[in-house]
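What follows is a single structure, written as structure tokens, with notes after it.
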Amino acid sequence: MPTVLPGAAFFLNMPHAPVRKMITAGLPVAFASDYNPGSSPSGNMQLVLSMACIMYGLTPEEAINATTINTAYAMGLSESHGSIAIGKTANLFITEPIPSYGFMPYAFGSNKVWKVILNGNVIS
């Protein structure tokens, strides 16, 4: 599973991965933050989702899949994580009111998350 780290590419001023070519070739693609102080000092997945659309040309649907189920698959966790389904671990967020899921990548830089649920527990 190709995993793209847009925060690292941005912070280190690296060329963008040819994501559209990968998708056109039939590859699923995962997007992650690579949150660490040396190459990507931001773990903000809302920003990663925005970068997937704005910088790499993904549709909102592709970007949501790339940052959820595809990333879970890349980590070997897709049977228990990465989507909302009976029997899977409840890791999800609830947004503030937004017009549609397509608004998530559009409004980069603004926090759209209202509640966070981690392992089935509301943490914020």
Side-chain angles (χ1 to χ4, degrees):
M1 169 79 67
T3 301
V4 179
L5 309 171
F10 173 76
F11 190 72
L12 299 173
N13 199 28
M14 297 169 63
H16 297 162
V19 173
R20 181 54 54 200
K21 287 182 180 180
M22 291 182 219
I23 292 171
T24 300
L27 292 172
V29 177
F31 271 71
S33 72
D34 189 36
Y35 185 36
N36 75 74
S39 64
S40 186
S42 173
N44 187 322
M45 287 303 292
Q46 292 179 78
L47 180 59
V48 169
L49 178 71
S50 294
M51 289 175 151
C53 293
I54 297 164
M55 297 167 54
Y56 293 85
L58 273 66
T59 65
E61 295 89 347
E62 290 170 330
I64 290 167
N65 285 335
T67 57
T68 58
I69 191 66
N70 291 2
T71 300
Y73 182 85
M75 294 187 298
L77 298 172
S78 60
E79 293 297 316
S80 59
H81 293 76
S83 62
I84 301 170
I86 294 172
K88 286 194 170 187
T89 301
N91 291 338
L92 57 113
F93 62 84
I94 301 168
T95 68
E96 297 286 348
I98 60 175
S100 74
Y101 65 87
F103 189 76
M104 289 299 294
Y106 173 75
F108 68 92
S110 62
N111 183 19
K112 296 163 288 298
V113 175
W114 176 63
K115 291 279 183 195
V116 175
I117 301 170
L118 188 60
N119 295 320
N121 299 304
V122 176
I123 63 167
S124 68

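Quick caveat: nothing in here was measured; it's all calculated off a predicted structure.
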When rounded to the nearest 0.5 angstrom, what distance separates [atom1] in [X] from [atom2] in [Y]?
| X | Y | atom1 | atom2 | answer |
| --- | --- | --- | --- | --- |
| Thr68 | Leu92 | OG1 | CG | 11.5 Å |
| Ser50 | Met55 | OG | CE | 11.0 Å |
| Leu118 | Phe93 | CG | CZ | 13.0 Å |
| Glu61 | Cys53 | CD | SG | 8.5 Å |
| Ile54 | Phe108 | CD1 | CZ | 5.0 Å |

With a cut-off of 6.0 Å (strictly less than), are more than 12 heavy atoms of other residues, nucleotides or ligands near [atom1] of [X]?
| X | atom1 | result |
| --- | --- | --- |
| Phe103 | CZ | yes |
| Glu79 | CD | no |
| Ile123 | CD1 | yes |

task = Side-chain contact test, heavy atoms from C-beta onward, threshold under 4.5 Å: evaluate it for Ile94 versus Ile117 and give yes or no.
result =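 They are in contact (side-chain heavy atoms under 4.5 Å apart), so the answer is yes.
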message = Test side chain to side chain contact (heavy atoms under 4.5 Å, CB included) on Val19 and Leu58; report intermediate values, then the result.
response = CA-CA 8 Å; Val19 173; Leu58 273 66; 3.3 Å; yes
Using a 3.5 Å distance criterion without hydrogens, assess whether the side chain of [X] forms a donor-acceptor pair with backbone atoms of [Y].
| X | Y | answer |
| --- | --- | --- |
| Ser78 | Tyr73 | no |
| Thr67 | Phe31 | no |
| Lys115 | Thr95 | no |
| Ser100 | Gly102 | yes |
| Gln46 | Lys112 | yes |
| Asn70 | Pro28 | no |
| Thr89 | Asn119 | no |

Same apolar cluster: [X] and [Y], side chain cutoff 4.5 Å:
| X | Y | answer |
| --- | --- | --- |
| Leu5 | Met22 | no |
| Met104 | Trp114 | no |
| Leu49 | Ile98 | yes |
| Val29 | Met45 | yes |
| Tyr35 | Phe11 | no |

Quick one: closest heavy-atom pair of [X] and [Y], and the distance?
| X | Y | answer |
| --- | --- | --- |
| Ser33 | Ser42 | CB-O, 3.7 Å |
| Ser40 | Ala8 | OG-N, 3.6 Å |
| Gly38 | Leu12 | O-CD2, 4.0 Å |
| Pro15 | Ala9 | O-CB, 4.3 Å |

query = Are Asn36 and Ser39 linked by a side-chain donor-acceptor pair shorter than 3.5 Å?
reply =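 Per modelled atom types, Asn36 and Ser39 side chains form a pair under 3.5 Å.
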query = Does the side chain of Lys88 come under 3.5 Å of the side chain of Ser83 through a donor N or O and an acceptor N or O?
reply =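 Yes, because at least one side-chain N or O of Lys88 sits under 3.5 Å from a partner of the opposite role on Ser83.
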key: Plane angle bin for His16 and Tyr56 - parallel if under 30°, tilted between 30 and 60°, otherwise perpendicular   =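 Tyr56 and His16: tilted rings.
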task = May I ask you to decide whether Arg20 forms a salt bridge with Glu62, counting only side-chain N to carboxylate O separations under 4.0 Å?
result =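 Salt bridge flag = yes for Glu62 with Arg20.
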request  = Would you check, one step at a time, whether the test side chain to side chain contact (heavy atoms under 4.5 Å, CB included) holds for Ile23 with Lys21?
outcome  = CA-CA 5 Å; Ile23 292 171; Lys21 287 182 180 180; over 6 Å; no
